[in-house]
Amino acid sequence: MDVIEAIKKRKSIRAYRPDAVPEEVIREVLEAAIRAPSAMNTQPWEFVVIKGEPLRKIKEECSRRFRAGEVPEPEHQVVGWGNDSVYRSRQVELAKQIFHIMNIPREDKAKRTAWTERGFRYFDSPAVIIITVDRALTESSPLLDLGAVMQTICLAAMHYGLGTCIHDQGVMYPDVVRRHAGVPGSKRLIIAVSIGYPDDENIVNSITTAREPLDKITRWVGFDGVSFN
Ligand SMILES: Cc1cc2nc3c(=O)[nH]c(=O)nc-3n(C[C@H](O)[C@H](O)[C@H](O)COP(=O)(O)O)c2cc1C
């Protein structure tokens, strides 16, 4: 697949076929992804790839904790915006888009909760890649590098007909993953990437999310034409 085509076609996949992804394929995805750049080639990323019975137990326990209303204790804060910010508006737009396509009315709390729970079940993906980082590194310094490898995983996966969903829901109860996957306390769990063959029959996968117009977020300097103002 052409690079631009892959970048434009990538989207978050929130429903998967149950088919297992061969280890060899995930290995090839990760081998490609670790060609991502990092500051001074520090390569701060590490991966925990989970499938089968351990993943089933993690999904089960995370969704149970969510249902019980247990407060998540993520080791990396994804949410950091105010309720009156444009970032919050974009978040709300996404939720509206998902609930609309899933035919879940605003007032149907049970259905909304059931939807949210799907994330804690890793959207039923047959495998997940958890990206971790050593605690020897400061909290913010490796994040750009981790973002680069995260996106490269998603793009490389497409070459093999795989879909992905990056989600912090999968690391919101980090102790669960830590226990079932044997991740030592010296590693910080940053993000989960669900991976598997997309269920094209599920309407949730048909969502294409919006983007701000490029010229609203770009200042062109020294070019002809109208610039950002
Ligand atoms: C750091 C990060 C955390 C995310 N966490 C979640 C999540 O917990 N649940 C979820 O459904 N999607 C999650 N997403 C997916 C975003 O909602 C998605 O990337 C965004 O809406 C744009 O849609 P697209 O990926 O289909 O282009 C996350 C994405 C990123 C980059």
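When a ligand or atom number is given, it counts from 1 through the structure's own listing order. Just so it is clear, the structure is predicted and the values come from calculations on it, not from any experiment.
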For a distance cut-off of 3.5 Å, show me each N or O of ligand 1 paired with any protein N or O, plus the separation.
| unit_1 | atom_1 | unit_2 | atom_2 | d |
| --- | --- | --- | --- | --- |
| ligand 1 | 5 (N) | Asp168 | N | 3.2 |
| ligand 1 | 5 (N) | Asp168 | OD1 | 2.6 |
| ligand 1 | 8 (O) | Asp168 | N | 3.3 |
| ligand 1 | 8 (O) | Asp168 | OD1 | 2.9 |
| ligand 1 | 8 (O) | Gln169 | N | 3.2 |
| ligand 1 | 8 (O) | Gln169 | OE1 | 3.4 |
| ligand 1 | 9 (N) | Gln169 | OE1 | 2.9 |
| ligand 1 | 11 (O) | Arg14 | NE | 2.8 |
| ligand 1 | 11 (O) | Arg14 | NH2 | 3.4 |
| ligand 1 | 12 (N) | Arg14 | NH2 | 3.2 |
| ligand 1 | 14 (N) | Ile166 | O | 3.0 |
| ligand 1 | 17 (O) | Arg14 | NH2 | 3.1 |
| ligand 1 | 19 (O) | Ser12 | OG | 3.4 |
| ligand 1 | 23 (O) | Thr209 | OG1 | 3.0 |
| ligand 1 | 25 (O) | Arg10 | NH1 | 3.0 |
| ligand 1 | 25 (O) | Arg10 | NH2 | 3.3 |
| ligand 1 | 25 (O) | Ser12 | N | 3.4 |
| ligand 1 | 25 (O) | Ser12 | OG | 2.6 |
| ligand 1 | 26 (O) | Ser12 | N | 2.8 |
| ligand 1 | 27 (O) | Arg10 | NH2 | 2.9 |
| ligand 1 | 27 (O) | Thr209 | OG1 | 3.3 |
| ligand 1 | 27 (O) | Arg211 | NH2 | 2.8 |

Show me the donor-acceptor pairs within less than 3.5 Å that the side chains of residues 162-171 make with the rest of the protein, sequence neighbours left out.
| unit_1 | atom_1 | unit_2 | atom_2 | d |
| --- | --- | --- | --- | --- |
| His167 | ND1 | Gly170 | N | 3.1 |
| His167 | NE2 | Ser194 | OG | 2.9 |
| Gln169 | NE2 | Thr116 | O | 2.9 |

Result block: side-chain N/O donor-acceptor pairs under 3.5 angstrom for residues 143-154, not counting sequence neighbours:
| unit_1 | atom_1 | unit_2 | atom_2 | d |
| --- | --- | --- | --- | --- |
| Asp145 | OD1 | Ala39 | N | 3.1 |
| Thr152 | OG1 | Ala148 | O | 2.6 |

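- In this structure, the side chains of Glu75 and Arg178 come closer than 4.5 Å at one or more pairs of heavy atoms.
- In summary, Arg90 and Glu212 engage in a salt bridge, as defined by a charged side-chain N under 4.0 Å from a carboxylate O.
- Judged as a ring pair (Phe, Tyr, Trp, His ring centres under 6.0 Å), the pairs with a partner in residues 171-208 (not counting sequence neighbours) are, in order, Phe120-Tyr173.
- Between Lys57 and Glu60 no salt bridge is recorded (no basic side-chain N to carboxylate O distance below 4.0 Å).
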